Amino acid sequence: MNYEFTIIVPVFNEEDNLKRVEKELSDYIKIATKKTKILFVNDGSIDKSQLLIDEICKNNPDFSFIQFQKNCGLSAAIAAGFKNTDTELVGYIDSDLQTAPEDFNLLLAEIGNYELVTGVRANRKDSFVKNMSSTIANGIRRAFTHDGMDDTGCPLKVIRTENAKNIPMFKGLHRFLPAMILLQNGRIKQIPVQHFPRIAGVAKYGLWNRLLGPLLDCFAYVWMKKKYINYAIEKKS
């Protein structure tokens, strides 16, 4: 099939959410503005997630998966998804479905003029501590990157695959995807999207991941920015 858009779904111990993921993404495929397929990346789950993924992919030809040997983290899962994408556009959504798949159409409507379009979670339904730590972390990150983004942690993004494949990924860099597109002289935009409370499963990130970890990652980004190689070929034969 002539797919145009791949949605990456990182999974780590989400057995309680996966049937809902199957239904909501199957429903979205029917209304998607681009011909869409789904790629699960199982990040070393130790629950029944892989059994459910096997069943989902067997029953849905638009679904496929990658399974890691062990847990490697969200950045690794996203990087593997980018590497194994063969469509013009790639996006991702968390398997907790705190964002709505149908909002991909809002992002796809804008991607023609940009290299990355990201959601901004409106009226977030998280705890006060999580919201406050995210606000602080985003402020620190903006001070380092000057990317102008309010919510890089939003798990709803659409990227041109060519640009996504050129992002050098390391642990924590998933928070800096807009900034890394800017290093490629790409254009970025943010759009408000829906946000919902988690209704199943357990959040995988604590205060360290949301605040102290991102602060250290900022220094890694600054190093990467100084070392980043960017060029454009004018002619070849």
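Everything quoted here is computed from the prediction, not taken from an experiment.
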> So, Tyr92 versus Phe82, ring centres under 6.0 angstrom or not?
Replying inline: no

>> Checking Leu52 against Glu15 for the side chain to side chain contact (heavy atoms under 4.5 Å, CB included) test, could you report, in this order, the C-alpha distance in whole Å, the side-chain angles of both residues, the deciding distance, and whether it holds?
In response: CA-CA 7 Å; Leu52 291 167; Glu15 62 181 7; 3.9 Å; yes

Distance check, rounded to the nearest 0.5 Å: [X] atom [atom1] versus [Y] atom [atom2]?
{"X": "Ile56", "Y": "Ser64", "atom1": "CD1", "atom2": "OG", "value": "12.0 Å"}
{"X": "Phe5", "Y": "Asn105", "atom1": "CZ", "atom2": "CG", "value": "8.5 Å"}
{"X": "Lys165", "Y": "Asp86", "atom1": "NZ", "atom2": "CG", "value": "7.5 Å"}

> Who are the salt bridge (charged side-chain N to carboxylate O under 4.0 Å, His left out) partners of Glu162, not counting sequence neighbours?
Replying inline: none

> Considering all heavy atoms of both residues, which atom of Leu107 and which atom of Leu156 are nearest to each other, and what is their separation?
Replying inline: CD1-O, 3.6 Å

>> Using every non-hydrogen atom in the two residues, find where Val9 and Ser95 come nearest and quote the distance to one decimal.
In response: CG1-CB, 3.8 Å

>> For Asn17 and Asp96, which I'm curious about, is there any donor-acceptor pair between the side chains at under 3.5 Å?
In response: no

>> Do the side chains of Lys48 and Asp16 get close enough for a salt bridge, i.e. N-O under 4.0 angstrom?
In response: no

> Can you name the residues that form a side-chain hydrogen bond (donor to acceptor under 3.5 Å, both in side chains) with Lys34, not counting sequence neighbours?
Replying inline: none

>> Suppose the criterion is salt bridge (Lys or Arg N to Asp or Glu O under 4.0 Å): which pairs have a residue in residues 105-119, not counting sequence neighbours?
In response: Glu110-Lys189, Glu115-Arg160, Glu115-Arg187

> When clusters are formed by joining ILVMFWY residues with side-chain heavy atoms under 4.5 Å apart, either directly or through shared neighbours, do Ile111 and Ile31 land in the same one?
Replying inline: yes

> Taking it one step at a time, do Gln98 and Asp94 satisfy side chain to side chain donor-acceptor pair (under 3.5 Å)?
Replying inline: CA-CA 7 Å; Gln98 287 191 257; Asp94 279 355; over 6 Å; no

